[in-house]
Amino acid sequence: MKGTLFSFINLYKYSYPFFKNIAFSLDAERAHEFTIHSMKMAGRFLPDQKDDERFHLKAMGLNFSNPVGLAAGLDKNGEAISFMTHLPFGFVEIGTVTPKPQEGNDKPRLFRYPSEESLRNRMGFNNFGSDIVLKNLKAGNRRGKIVGVNLGKNKVTSNDDAPKDYSTLYRDFAPSADYLVINVSSPNTPGLRDLLKDAGLRQIFEAVDAERKKCSKPLLVKVSPDMALEELSSVVGLVNEYKLDGIIATNTTIMKERGEGGVSGKLLTQKARATREFLLKEIKNSHSNAELIGVGGISGFEDLMDFWRAGGRLAQIYSAFVFQGPGVLFDIEEHLDMEFKKRGTKTFEEFLDSVKK
Ligand SMILES: Cc1cc2nc3c(=O)[nH]c(=O)nc-3n(C[C@H](O)[C@H](O)[C@H](O)COP(=O)(O)O)c2cc1C
């Protein structure tokens, strides 16, 4: 690692513990707001970083600058795009955005488990609504990186009317987004996960399909780690039938003993990993070209290696970024660099082939 990147590595690595001390002394949601605000302010002044061409990867017809992206929910309103794309994320997903602005659930609704590097949230799709998020998306400096948008229905929209929310959002965001995600897997909107069942999902895919014919962008669906295997198989079937481009696995998990909401981070690792491995097999067995973006309890290079060995390619992180800061991205790059040298691989595809053997 060289040039400006080297100085930024040091800056982030050494300043994050200090920043984290302050942020973790605040209530979790206030810390989050403070962080997003700081990122929004700083983002526009920060330079582009030179990326490492060996880690480039083509998927869903898009060129990713590396395989590790930011998961949805951290920058729900697309306010920090310029900051996130300055960091060595290979791609950034904003949202969940709903058609109309909504407040989300009552506070407190975000909780930390620091010793377990895990979070629990029952936010409930709080966001500024599609008009403002679309403006932010257009204004953000993407620095040539992939920016996806995660779509959700409003709480006041009934499940019967949900297809309209998703098709309207697709129509509005598709021209400006690199990819879109149908999110029906959050545990924090009452009844939302019912839409993961075959009939609900089919109606949404059907409604969005009409808009996809007018503006075609890669489309994925995000699933829950709490789904039964038959339900996951049925999602793969629908993804193939409607020619979606991929599945994001997984969202947070319900752990009743911890309280309401969805748990993320290390407490989610095993469940999310099992879901991903099952889906990877189903995708392969159905001779599908669908991509599987892995997320959920990926806290460092070893978790990524597990995912790559199982046949995955693109991954996302959220909780690890909260607990470890941007340093986690530099650590991953350093490990990748070492592995490339050890294996004598020159491209990410070559590396994946050598990992799978
Ligand atoms: C506070 C919080 C808010 C989240 N909001 C969203 C969201 O709006 N949409 C979504 O698809 N996922 C959301 N997620 C889920 C993450 O995108 C991710 O799937 C989950 O946290 C598992 O990844 P991790 O273990 O790396 O954190 C949220 C997660 C957290 C912790």
Side-chain angles (χ1 to χ4, degrees), residues 27-33 35-36 68-78 84 89 91-98 102 104-105 107-114 116-129 133 148-155 166 169 179-189 192-193 195-196 220-226 247-255 258 260-273 275-276 292-300 303-304 307 314-324 328-329 332:
D27 153 77
E29 189 164 350
R30 289 203 52 197
H32 179 85
E33 283 164 2
T35 308
I36 291 288
V68 182
L70 175 70
L74 202 143
D75 187 14
K76 285 180 188 277
N77 298 308
M84 297 301 184
F89 277 119
F91 60 111
V92 171
E93 191 172 309
I94 65 164
T96 296
V97 55
T98 57
Q102 62 179 33
N105 295 323
K107 293 176 187 171
R109 52 193 183 176
L110 178 57
F111 311 89
R112 305 183 186 102
Y113 303 109
E116 293 161 306
E117 281 197 24
S118 298
L119 297 166
R120 175 167 58 87
N121 88 86
R122 39 176 220 95
M123 306 297 284
F125 287 170
N126 54 308
N127 76 103
F128 295 165
V133 177
V149 182
N150 185 301
L151 315 174
K153 77 165 188 74
N154 275 115
K155 186 179 179 183
Y166 288 99
L169 287 165
Y179 71 86
L180 292 307
V181 183
I182 293 175
N183 180 13
V184 281
S185 52
S186 163
N188 301 318
T189 297
L192 187 76
R193 285 182 169 193
L195 293 170
L196 276 168
L220 301 96
V221 59
K222 186 164 177 177
V223 299
S224 146
D226 303 323
I247 300 175
I248 302 191
T250 68
N251 214 312
T252 55
T253 185
I254 293 174
M255 291 176 81
R258 300 266 169 166
E260 255 182 66
V263 174
S264 57
K266 288 189 175 172
L267 286 169
L268 166 64
T269 307
Q270 278 197 346
K271 239 190 217 179
R273 185 178 163 178
T275 307
R276 284 193 284 273
L292 185 99
I293 301 187
V295 57
I298 294 176
S299 65
D303 294 321
L304 285 167
F307 179 57
L314 293 167
Q316 295 175 322
I317 58 169
Y318 186 135
S319 303
F321 184 67
V322 171
F323 289 102
Q324 300 173 46
V328 66
L329 298 171
I332 290 168

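Just follow the structure's listing: the first ligand is 1, and inside any ligand the first atom is 1. Source: prediction; values computed, not measured.
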side-chain hydrogen bond (donor to acceptor under 3.5 Å, both in side chains), paired with Asn154, selected from Thr98, Asn127, Thr189: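 Running side-chain hydrogen bond (donor to acceptor under 3.5 Å, both in side chains) over Thr98, Asn127, Thr189 with Asn154 returns exactly one hit, Thr98.
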
For [atom], find the nearest protein heavy atom and state the residue, atom name and distance (0.1 Å precision).
atom                    : value
atom 26 (O) of ligand 1 : Tyr318 N, 3.0 Å
atom 7 (C) of ligand 1  : Thr96 OG1, 3.4 Å
atom 30 (C) of ligand 1 : Asn121 ND2, 3.3 Å
atom 21 (O) of ligand 1 : Ser264 CB, 3.2 Å
atom 8 (O) of ligand 1  : Lys76 NZ, 2.9 Å

Point-to-point distance, once rounded to the nearest 0.5 Å, from CZ of Phe91 to CD1 of Ile293: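 Answer for the CZ-CD1 pair, Phe91 versus Ile293, is 4.5 Å.
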
Spatial distance of atom OG1 (Thr250) from atom NZ (Lys222) [nearest 0.5 Å]: 7.5 Å

Ligand-side contact atoms (ligand 1) for residue partner [X], heavy atom cut-off under 4.0 Å:
X      : result
Val295 : 18 (C), 19 (O), 23 (O)
Gly265 : 24 (P), 25 (O), 27 (O)
Asn150 : 10 (C), 11 (O)
Ser319 : 24 (P), 25 (O), 26 (O), 27 (O)
Leu110 : 1 (C)
Asn183 : 9 (N), 10 (C), 11 (O)
Leu268 : 22 (C), 25 (O)
Leu119 : 31 (C)

Donor-acceptor pair between Thr96 and Asn150 side chains, under 3.5 angstrom: yes

With respect to [atom], which of [options] exhibits the smallest heavy-atom separation?
atom                    : options                : result
atom 15 (C) of ligand 1 : Asn251, Val181, Ile298 : Asn251
atom 18 (C) of ligand 1 : Gln316, Lys266, Lys222 : Lys222
atom 16 (C) of ligand 1 : Ala72, Ala28, Gly73    : Ala72

SB check Arg258 Glu116 (cutoff 4.0 Å):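 Answer for the salt bridge query: yes.
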
Asp226 and Arg193 ion-paired at < 4.0 Å: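 Salt bridge: yes.
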
Ser186 near ligand 1 by a heavy-atom separation under 4.0 Å: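 Contact check Ser186 vs ligand 1: negative.
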
Test item, Gly297 contacting ligand 1 (heavy atom, 4.0 angstrom):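 Distance cut 4.0 Å: Gly297 passes for ligand 1.
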
Nearest heavy-atom neighbours spanning Leu169 and Val97: CD1-O, 3.7 Å

Which atom of Glu117 lies closest to which atom of Phe323, heavy atoms considered: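 Closest pair (atom of Glu117, atom of Phe323, distance): C-CE1, 3.4 Å.
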
Contact check: Phe125 vs ligand 1, nitrogen or oxygen atoms, below 3.5 angstrom: no

Asp303: partners by salt bridge (charged side-chain N to carboxylate O under 4.0 Å, His left out), with sequence neighbours left out: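 Asp303: no salt bridge (charged side-chain N to carboxylate O under 4.0 Å, His left out) contacts found.
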
Under the side chain to side chain donor-acceptor pair (under 3.5 Å) test, residues paired with Lys266 that sit two or more places apart: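 Lys266 satisfies side chain to side chain donor-acceptor pair (under 3.5 Å) with no other residue.
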
Expected output: side-chain Gln102 to main-chain Phe125 donor-acceptor under 3.5 Å: yes

Partner of Ser185 by side chain to side chain contact (heavy atoms under 4.5 Å, CB included), out of Leu192, Leu195, Leu196: Leu196

